[in-house]
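Every value quoted in this text rests on a predicted model; they were computed, and no experiment measured them. Proteins come first, then strands; the chains are lettered A, B, ... in the order of their sequence lines, and each starts at number 1.
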There are 2 protein chains.
Amino acid sequence: MSAKKTSLKDIAQRAGVSMALVSYVLNGKEKESRVGQEIAGKIKQIAEELHYQPNHLAKSLRSGKTHTIGLIIADISNPFFANIARVVEDEAKRNGYTVIIGSSDENAEKSRDLLNVLINRQVDGFIIVSSEDSAEQVRDLQEKNIPFVLLDRYFPDIQTDFVSTDHYKAAFNAGAHLVKNGYRRIGMIAYDSQLFHMQERIRGYVEALTGNNVPFQKHWLKQIRISTIEQGVKAAIDEMLAMEQPIDSIVFATYSLAISGLKYINELRLNVPTDLAIVSFGQAEAFDLYYCPITYVKQPIGLLGKTAVEFLMKKLKHPQAEPSQILMDAELIIRDSSKTKQLVHT
Amino acid sequence: MSAKKTSLKDIAQRAGVSMALVSYVLNGKEKESRVGQEIAGKIKQIAEELHYQPNHLAKSLRSGKTHTIGLIIADISNPFFANIARVVEDEAKRNGYTVIIGSSDENAEKSRDLLNVLINRQVDGFIIVSSEDSAEQVRDLQEKNIPFVLLDRYFPDIQTDFVSTDHYKAAFNAGAHLVKNGYRRIGMIAYDSQLFHMQERIRGYVEALTGNNVPFQKHWLKQIRISTIEQGVKAAIDEMLAMEQPIDSIVFATYSLAISGLKYINELRLNVPTDLAIVSFGQAEAFDLYYCPITYVKQPIGLLGKTAVEFLMKKLKHPQAEPSQILMDAELIIRDSSKTKQLVHT
DNA sequence: TTTAGTTGCTTAATCGTTTAAGCTGATTAT
DNA sequence: ATAATCAGCTTAAACGATTAAGCAACTAAA
């Protein structure tokens, strides 16, 4: 049977000294606290022998710091977020922090639950990919003075720390790229969401058209309810193709939309890009393996994650500092799914 | 500025009673502890007003239970594991547990680090997807009497709780399916790993051939080092095709191998399934979107995750009980990538 | 009238740390 | 000779909860 875990007390007893001394030594405070060389050595040795491992709970209770951060993401099964999680975890570890991940599944209620659970667990701060209708939660955190950094999605009318891609610019580039390659009837399938990043992607797309002499038509933009992606996307594509002047290309505003869309496009036996050119947000193996590799917006995942952790660390050190905010550029990875339009003779 | 968090003491003071009473009431022990109706009501009300949230650290320190479980998975960027993580998280939450996820990246050292960090944090138990060379770590846990359940991968010569797919049977079915559909030169690309689940997949594949009158040839089996997937897979495929009697079909033993393999097959402009039929382990959008949808082994992710949590809960309640072990059946999802071989006239 | 039992509450130890404050004896300064 | 300084240690409170044990006042039984 396993011996009980060794505590400071055990070491103190063995060494015949008080717990205080042991604590000082094992925290490297021998100098400041004037601990004798000899006894310090002895303590260290005994700690070693007994495989002493400090109890984080007790430490945290005393210090008020858990060295734990809560990461709330919108959907762990989305490879973009899964990879963000990985980066954040690694980076946090490098800073001596542990991460507790929670997936809100794009659901404000679940997100609030997660926040509460993690606040109870005394996490030191949060990194959050906000879900719809969660502005209130963000304000709550501010009122409670709980440090946090918003990741990928932020609220323009709330002053917070955030790290995000420049969604507007990314969408603009995606749209402009299609125009440049000869497409003139460019649709977008997006979520029906008030979240700012989605609005920005839509705005970027619209302005890419209008800014390049392609008058935007309202019915080119389809906004899908997040709860019914599958049917929504099908209906949207059907409509886009049934128009008098059918769409010749689609920008998908997210990875999940693209997956649903491409499946349906396959079902319809449409050819990419001759029947329909495609550009999508998100990135994943699926895009590489598609018979015609998909042009996509590549967000700087590593940098996003690292910077979010960095900002949070800064915030933890200086809670009253001005918010740090940064918008990063996405890269448009150009593949065959959007290649220059071949004019067909009629 | 935020008022300090309210503690039992605050409530006690306001109510003019001792902390003990407050604790009894808020833990629903009013009856056993003979707390007066009146004061109980008052306490509850004050707790409400002050938005009392118990401090988990203190609770845990006292009780020795953190209601936290550590989930160590081999690779969070693999969709199979990401989904497992999601299921485990949900199921744990339903049981009142929080999950701390760590990705070992198939690396024994990282896995050991994670274990140590989480043990320090006093997690109550672990769910582990073991990585190579981590048998020692498993034995350590047993010696320390730390409850854990192995998930997806287990060690046949260590008596532990585990929840796994029947990898042998799954691979056997995959191989037999190819034989049945007319393929006779069936290759396998697997990892060069001693992990039992990989050995079982290989064994299943081999026996599917020999058991169905297709004499297995040693050079049909390629084992790739996990550190060099990309090149390894390319070389393997090259060799398979350069044989005097080239391979006509491949079983990929994991999702990552399949992704690399399919990319290369695309590069080579080979047609699936006419040039090369494919069956793979793992599941993901990529397989659905492939121009010729990929036949794959679908593991019962939801059930695996739920059962792992269930087993761990059981273990936490009855640490000395006999290990619970279960092997679940995978389902072979048959698509076009392995469809009946068309004989070509020579 | 004593005894026993019940009700409603408080006291204080405990979990494993950290750390300010205090104590002792030796050395140095005046 | 006395005071001040310093090195090297100990004491004890605190973090926020839980809970066994005990105490006082009252009721009911003998």
Side-chain angles (χ1 to χ4, degrees), chain A residues 3-44 46-47 50-68 96 119-124, chain B residues 3-44 46-47 50-68 96 119-124:
Chain A
K4 276 252 67 38
K5 282 209 77 181
T6 60
S7 70
L8 279 194
K9 204 190 218 167
D10 302 327
I11 301 181
Q13 268 163 4
R14 262 236 220 179
V17 299
S18 70
M19 286 167 56
L21 265 207
V22 181
S23 173
Y24 289 136
V25 171
L26 297 183
N27 286 297
K29 305 235 173 93
E30 330 175 20
K31 290 279 129 60
E32 304 98 293
S33 305
R34 309 168 313 203
V35 181
Q37 296 265 326
E38 225 173 302
I39 198 71
K42 189 170 173 192
I43 288 173
K44 281 183 195 159
I46 296 182
L50 264 40
H51 301 111
Y52 172 71
Q53 294 288 121
N55 181 324
H56 251 272
L57 292 176
K59 263 185 141 89
S60 299
L61 180 57
R62 180 72 227 266
S63 67
K65 302 267 149 264
T66 54
H67 280 248
T68 304
I119 289 174
N120 277 12
R121 303 223 160 209
Q122 320 291 128
V123 299
D124 291 342
Chain B
K4 276 254 59 42
K5 280 210 76 178
T6 60
S7 69
L8 278 195
K9 205 191 223 167
D10 302 327
I11 301 182
Q13 268 163 3
R14 262 237 219 177
V17 299
S18 70
M19 286 169 57
L21 265 207
V22 181
S23 172
Y24 290 136
V25 171
L26 298 183
N27 286 297
K29 305 232 175 97
E30 331 176 17
K31 289 278 129 58
E32 303 100 292
S33 306
R34 309 169 314 205
V35 181
Q37 295 265 326
E38 226 174 301
I39 198 70
K42 189 170 172 190
I43 287 173
K44 281 183 196 161
I46 296 182
L50 264 42
H51 301 111
Y52 173 70
Q53 294 288 120
N55 181 322
H56 251 273
L57 292 175
K59 261 185 144 89
S60 299
L61 180 57
R62 181 75 226 269
S63 68
K65 302 266 149 264
T66 54
H67 280 252
T68 303
I119 289 173
N120 278 13
R121 304 225 160 207
Q122 320 291 128
V123 298
D124 292 340

Distances for protein N or O near nucleotides 3-8 of chain C N or O, under 3.5 Å:
residue : atom : partner : partner atom : Å
C:dG8   : N7   : B:Arg34 : NE           : 3.3
C:dG8   : N7   : B:Arg34 : NH2          : 3.1
C:dG8   : O6   : B:Arg34 : NH2          : 2.8

With the side chain of [X] defined as its heavy atoms from C-beta on, choose the nearest nucleotide among [options].
{"X": "B:Ala20", "options": "C:dT11, D:dT10, D:dA17", "value": "C:dT11"}
{"X": "B:Lys9", "options": "D:dC15, C:dG16, D:dT19", "value": "D:dC15"}
{"X": "B:Val17", "options": "C:dT10, D:dA17, C:dG16", "value": "C:dT10"}

Counting distance only, does the side-chain N/O of B:Ser23 pair as donor-acceptor with the main-chain N or O of B:Met19 below 3.5 Å? no
Has B:Asn27 got a side-chain atom pairing as donor or acceptor with B:Lys29's backbone, closer than 3.5 angstrom? no
Please report, rounded to the nearest Å, how far the [atom2] atom of [N] is from the [atom1] atom of [X].
{"X": "A:Asn55", "N": "C:dC15", "atom1": "CG", "atom2": "C1'", "answer": "8 Å"}
{"X": "A:Glu32", "N": "D:dC9", "atom1": "CD", "atom2": "C1'", "answer": "16 Å"}
{"X": "A:Leu21", "N": "D:dG8", "atom1": "CG", "atom2": "C1'", "answer": "8 Å"}
{"X": "A:Glu38", "N": "D:dA7", "atom1": "CD", "atom2": "P", "answer": "17 Å"}
{"X": "A:Leu57", "N": "D:dA14", "atom1": "CG", "atom2": "P", "answer": "22 Å"}
{"X": "B:Leu8", "N": "C:dC9", "atom1": "CG", "atom2": "C1'", "answer": "16 Å"}
{"X": "B:Asn120", "N": "C:dT17", "atom1": "CG", "atom2": "C1'", "answer": "13 Å"}
{"X": "B:Lys65", "N": "D:dG16", "atom1": "NZ", "atom2": "C1'", "answer": "19 Å"}

Within the structure, does a side-chain N or O atom of [X] lie under 4.0 Å from either OP1 or OP2 of [N]?
{"X": "A:Tyr24", "N": "C:dA20", "answer": "no"}
{"X": "A:Lys59", "N": "C:dG16", "answer": "no"}
{"X": "B:Ser7", "N": "D:dG16", "answer": "no"}

Would you say that [X] contacts [Y] through its side chain, given a criterion of any heavy-atom pair below 4.5 Å between the two side chains?
{"X": "A:Arg121", "Y": "A:Thr68", "result": "no"}
{"X": "A:Arg14", "Y": "A:Thr6", "result": "no"}
{"X": "B:Val17", "Y": "B:Lys42", "result": "no"}
{"X": "B:Val25", "Y": "B:Ile39", "result": "no"}

Relative to the 5' end of DNA chain C, which residue comes earlier, B:Met19 or B:Leu61, by the nucleotide with the nearest heavy atom? B:Met19
Over 12 non-hydrogen atoms of neighbours within 6.0 angstrom of CD in A:Glu32: yes
Hey, which sits more toward the 5' end of DNA chain D by its nearest nucleotide, A:Ala40 or B:Thr6? A:Ala40
